[in-house]
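Shown next, in structure tokens, is the structure this report addresses.
In what follows, residues are counted from 1 in the order of the sequence shown.
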Amino acid sequence: MRQGRRVAGWSIILVLLLGVGVPAQKLPTRDEGLFQMQIRDETLFHDSSVIPDGAEISGYLFRDTPKRYYFVVEEDNTPLSVTVTPCDAPLEWKLTMQELPEDSSGEASGESEALDQQKQQVVVADEGTELFTYKGNDVEAYVAASTPSGLYQLELVCTEKDSNLKVYATTTPESDQPYPELPYDPRVDVTALGRTTATLAWKPSPTGFLMGVRYCLLINKEHNFKSMCAAEAKISDDDTFMPAPKPGRDFSPFDFAHFGFVPSDNDLSKDRGFTGNKMSRSYPAKPKASDILKVCIGNKNIFTVSDLKPDTQYYFDVFAVNSATNTSTAYVGTFARTKEEARQKTVELKDGKVSDIFIKRKGSKFLRFAPVSSHQRLTLFVHACLDSVQVQVRRDGKLVLSQNVEGVRQFQLRGKPKAKYLIRLRGSRKGASTLKALATTKPSSKQPFPSLPEDTRIKAFDKLRTCSSATIAWLGTQDRNKYCVYRKEVSEAYGEEQRRREQNQCAGPEGRRKSEKILCKYFHSPNLQKAVTTETITGLEPGKTYLLDVYVVGHSGHAVRYQSKLVKTRKYC
């Protein structure tokens, strides 16, 4: 009987303590069924000042504003464990105990104390006994094997900023154990490290099997995290409040765009009366929510992280997560720097000499050119034989050229005494690239590469096609060049796709059979509108398919092939 009154007394005292300082008022009646449904809805009832026994709760602190949580220990000699997990910032917290006197008014009469007398007892005992204090951002716990009955108060404050936190309290710590236990060596080890990968390993949790523990990894480039909620708070930085507008003005559409709401073009000025200077307002780009990668991998205790950047420092954290309660314990995180990109061999260019370059798919090649004498101008020739390549030129470390090149291109760069040039060639994503490059400081009227028209296709005239001949045409330039025509019979299955795969503009006529050669001739025209020539190829067989090629040969003998053309002779004439 005495114990029942004591428990009821604690409940009344807890309610009174939470209500101290609130003016007396008449409380409205409520629909009990509706109330029970609402308190089970976390979206409506999520921030109570009462800590339930054996459950982790989430809380929020406003900067420099203390917050108190309460719970009751009903019997003497009760074990107690209180764990506080800071999320966003370091916390200061203090645990105190108020040992209130027992109910002494009318033991068997059933009479309760006057309300004013109970309030007075609460106020007298308000200071309590300080049990534990802590300041920092570590997950810290107060553990006692035996505590007296009483009302316990947890007071927290954050002086840096508004912050999230988690609190867990239990009077049965031996049986509860909501947090997974760490092994005797709780470190995360990097067992292998590459340019874009890192393999991590850690010892499993001793309580992993009992709790159904799963492991989650966090990878970021800023720092290690001491708790899962600290990382989750960083990830959810985008959920911040929009700052209030300055007095005297409405929200600008750019305010909304800044927070992810993109207005339509029709809404920019409708019914807002914006002036020109307001429309031109700009905001700095909002930082990303930290570039944190989170991945949960089940019960494995080894994992390889891929798609990392070379020569970059990463921080790795592992958390053991209780699958039933979603509570977690952090291992001791680690960090490592991925390996540098493999240094590529630099090709030395000689003045006036053509170099053949091969680049792997998505790869790069570096060329170095260091003129032996002072020069006023540098001429760079690049001939992309297959797909386009990206060309970047740095003079003494300064970027002076960056362009994509198809076919043959010539670049004129301003020289500088004792200048050194670094040329980076980046290949295509489609496949391997081959090209030819030449750099020279010697002015010359004869270019090593032949000049080409913008359109290097070969035109075939269908109406002039016969059973034994085909007529083709191609464009020339104002420079007098030598053109050689070749033919090769191919099977009917030879299509445009195969022709494109075999198209290599750098493959000259020296690799062709003599029997495939039709003729060579010189051609040019001062008027580019008339720089076109035709040729009729005879001696063909009826109903056969031929691959026709035109090569233009430069003064140095370097040849460039036009785009090949498939032609089929008529079967009946």
Please answer whether the main-chain N or O of [Y] pairs with a side-chain N or O of [X] as donor and acceptor at a distance below 3.5 Å.
X	Y	answer
Tyr314	Lys309	yes
Asp317	Phe225	yes
Arg187	Val332	no
Tyr215	Ser205	yes
Asn224	Thr334	yes
Ser323	Gly212	yes
Ser146	Pro79	no

Notebook entry, point to check: Taking atom types as modelled and ignoring hydrogens, do the side chains of Tyr142 and Glu140 form a donor-acceptor contact shorter than 3.5 angstrom?
Noted result: no
Next item on the list: Verify the distance criterion only: is there a donor paired with an acceptor across the side chains of Lys166 and Ser58 at less than 3.5 Å?
Entry: yes
Would you say [atom1] of [X] has more than 12 non-hydrogen atoms from neighbouring residues, nucleotides or ligands within 6.0 angstrom?
X	atom1	value
Phe335	CZ	no
Asp185	CG	yes
Phe62	CZ	no

Next item on the list: Please name all residues satisfying side-chain contact (heavy atoms from CB on, under 4.5 Å) with Ser81, sequence neighbours left out, ordered by chain then number.
Entry: Thr83, Val143, Thr170, Pro173
Item checked: Ring geometry between Phe132 and Trp93 (parallel below 30°, tilted from 30 to 60°, perpendicular above 60°) -> tilted
Next item on the list: For residues 188-200, pull every pair meeting side-chain hydrogen bond (donor to acceptor under 3.5 Å, both in side chains), keeping only residues two or more places apart or in separate chains.
Entry: Arg195-Glu341, Thr199-Thr304
Margin query: Looking at Lys226 and Asp138, is any side-chain nitrogen of the basic one under 4.0 Å from a carboxylate oxygen of the acidic one?
Written below: yes
Check: Do NZ/NE/NH1/NH2 and the carboxylate oxygens of Asp396 and Lys398 come within less than 4.0 Å?
Finding: no
Notebook entry, point to check: Is Val213 close to Asn322 at the side-chain level, that is, under 4.5 Å between some pair of heavy atoms?
Noted result: no
